[in-house]
Amino acid sequence: MIRVAVTGAAGRMGGRIVTAIKEADGLELAGAVERPGHDMIGQDAGLIAGCGASGVKISGSLEEALANADVLIDFTFPEVTLKNLEVCARLGKQVVIGSTGFTPAQRAEAEKAAAKIPVVLAPNMSVGVNACFKLLKEAAGILGEGFDVEIVELHHNKKKDSPSGTAVRMGEVVAEALGRDYNKVANFHREGMCGERTKEEIGMQTVRGGDIVGEHTVYFIGMGERIEISHRAMSRDMFARGAVRAAGWLKGKAAGMYDMQDVLGLK
């Protein structure tokens with residue numbers, strides 16, 4: 001049995017992960033943590049998630065939550081995640097990270113921690129999104145330079161990073177397939193007399209509103225034809241199920257940085 005601890009256990013995403021762990025075979029909830037001072041500290045994590053009593057109380061201490069756990073699932077923010085990684089590296093715990101918005105410097109810090117422990121870090125834990133990554137690589141390779149590439153993503157009005165980590169990864173996948181440097185060709189802003197679209201650029205457009213869980217569309221636009229590869233998330237459950245799948249996959253893995261392409265055997 002793989003014992004799992006969850007950060008942000010009283011939140012929307014944390015609750016879905018707690019539920020997914022309870023529903024999964026071979027995994028059990030062993031710890032739950034919230035920020036110090038949170039109103040739900042001391043409450044049963046399963047009851048807060050709405051999936052029934054778990055016998056695991058929400059703690060304000062990560063070390064306490066990890067005491068009986070093998071792996072931590074972390075969907076917080078980069079700054080918090082990096083601190084949690086430090087604790088996990090010190091305690092020898094495996095980590096699954098679904099946080100998004102990492103800067104290159106923050107990503108490098110995470111890589112250092114992964115030299116000590118096995119870590120799965122992915123901008124999107126969805127099986128469907130990761131299938132899209134593979135399809136995008138193949139499509140870009142086939143279509144080549146004759147098609148303009150535009151990426152549009154939609155999320156709820158509470159999302160803090162923009163564009164989404166998933167959209168960025170989609171842009172990186174396409175750029176790599178076309179032999180381009182994403183950081184040089186990504187275009188996040190068009191306004192006024194900005195000139196004609198360059199052949200190499202990859203447009204990145206963002207929409208924020210309401211309760212949209214997440215939608216991503218990559219447009220390959222040629223002369224007289226257009227190909228669209230889209231993914232629409234209907235609920236947060238798919239992210240939770242993917243994270244739980246990654247937690248199970250980590251068992252017995254060597255220290256290092258992995259992603260969902262590794263978990264799903266798509267590499």
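For the numbers below, each heavy atom of this structure counts, side chains included, while hydrogens, waters and symmetry mates do not.
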Can you check side chain to side chain contact (heavy atoms under 4.5 Å, CB included) on Asn84 and Val95, steps first, answer last? CA-CA 9 Å; Asn84 293 344; Val95 189; over 6 Å; no

Lys/Arg N to Asp/Glu carboxylate O, Glu150 vs Arg190, below 4.0 Å: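 Yes.
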
Identify whether the distance between the nearest side-chain nitrogen and carboxylate oxygen of Arg90 and Glu86 falls below 4.0 Å.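 Salt bridge: no.
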
Residue [X] excluded, over 12 heavy atoms near [atom1] under 6.0 Å:
X	atom1	answer
Lys159	NZ	yes
Asn157	CG	yes
Lys137	NZ	no
Met1	CE	yes
Lys267	NZ	yes
Arg226	CZ	no

Rounded to the nearest 0.5 Å, how far apart are [atom1] of [X] and [atom2] of [Y]?
X	Y	atom1	atom2	answer
Arg236	Thr19	CZ	OG1	13.0 Å
Leu266	Lys134	CG	NZ	6.0 Å
Ile151	Thr206	CD1	OG1	10.5 Å
His216	Cys132	NE2	SG	10.0 Å
Asp25	Ile2	CG	CD1	11.5 Å
Asn187	Cys194	CG	SG	7.5 Å

Would Glu79 and Lys83 satisfy salt bridge (charged side-chain N to carboxylate O under 4.0 Å, His left out), going step by step from the backbone distance to the final call? CA-CA 7 Å; Glu79 296 80 7; Lys83 292 178 181 178; over 6 Å; no

Taking the side chain as every heavy atom from C-beta outward, state whether [X] and [Y] have any atom pair closer than 4.5 Å.
X	Y	result
Ile17	Ile21	yes
Phe220	Ile229	yes
Leu66	Cys88	yes

Is it the case that one hydrophobic cluster holds both [X] and [Y], taking links as side-chain heavy atoms less than 4.5 Å apart, direct or via other members?
X	Y	answer
Leu121	Leu72	no
Leu82	Phe77	no
Val129	Ile97	no
Ile227	Ile202	yes
Leu154	Met13	no

Residues Asn130, Gln261; criterion side-chain hydrogen bond (donor to acceptor under 3.5 Å, both in side chains); working and verdict: CA-CA 7 Å; Asn130 280 275; Gln261 298 287 297; 3.1 Å; yes

Would you name the heavy atoms of [X] and [Y] that are closest together and state the gap between them?
X	Y	answer
Thr217	Ser230	OG1-OG, 2.7 Å
Ala10	Ile48	CA-CG2, 4.0 Å
Met204	Pro163	CE-CG, 4.2 Å
Leu178	Ala140	CD2-O, 3.5 Å

Does [X] reach the main-chain N or O of [Y] with its side chain, forming a donor-acceptor pair under 3.5 Å?
X	Y	value
Asn183	Ala186	no
Gln106	Thr103	yes
Lys22	Cys51	yes

Let's go through Thr76 and Thr7 carefully: what are the C-alpha distance in whole Å and the side-chain angles of both, what is the deciding distance for side-chain hydrogen bond (donor to acceptor under 3.5 Å, both in side chains) to 0.1 Å, and is it a yes or a no? CA-CA 7 Å; Thr76 54; Thr7 62; 4.9 Å; no

Show your reasoning for whether side chain to side chain contact (heavy atoms under 4.5 Å, CB included) applies to Gln43 and His38. CA-CA 11 Å; Gln43 300 297 309; His38 195 283; over 6 Å; no

Going through the distances and angles, do Glu201 and Arg180 end up as a salt bridge (charged side-chain N to carboxylate O under 4.0 Å, His left out)? CA-CA 9 Å; Glu201 72 185 69; Arg180 303 174 191 171; over 6 Å; no

Residue pair Glu176, Arg169: steps toward the salt bridge (charged side-chain N to carboxylate O under 4.0 Å, His left out) verdict: CA-CA 10 Å; Glu176 289 166 8; Arg169 185 57 194 150; 3.4 Å; yes

Between Val127 and Arg245, does the side chain to side chain contact (heavy atoms under 4.5 Å, CB included) criterion hold? Intermediate values first, please. CA-CA 10 Å; Val127 173; Arg245 183 167 175 173; 3.7 Å; yes

Applying side-chain hydrogen bond (donor to acceptor under 3.5 Å, both in side chains), name anything that partners Glu200, two or more places apart in sequence or on another chain.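 Expected list: none.
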
For Glu64, side-chain hydrogen bond (donor to acceptor under 3.5 Å, both in side chains) partners two or more places apart: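 For Glu64, the residues satisfying side-chain hydrogen bond (donor to acceptor under 3.5 Å, both in side chains) (neighbours in sequence not counted) are Ser59.
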
Kindly determine whether Glu28 and Arg3 satisfy salt bridge (charged side-chain N to carboxylate O under 4.0 Å, His left out), including the steps that lead there. CA-CA 5 Å; Glu28 66 177 2; Arg3 300 165 300 176; 5.2 Å; no

Could you give me the CA-CA distance, side-chain angles and deciding distance for Phe133 and Met170, then say whether side chain to side chain contact (heavy atoms under 4.5 Å, CB included) is met? CA-CA 6 Å; Phe133 290 154; Met170 286 177 164; 3.6 Å; yes

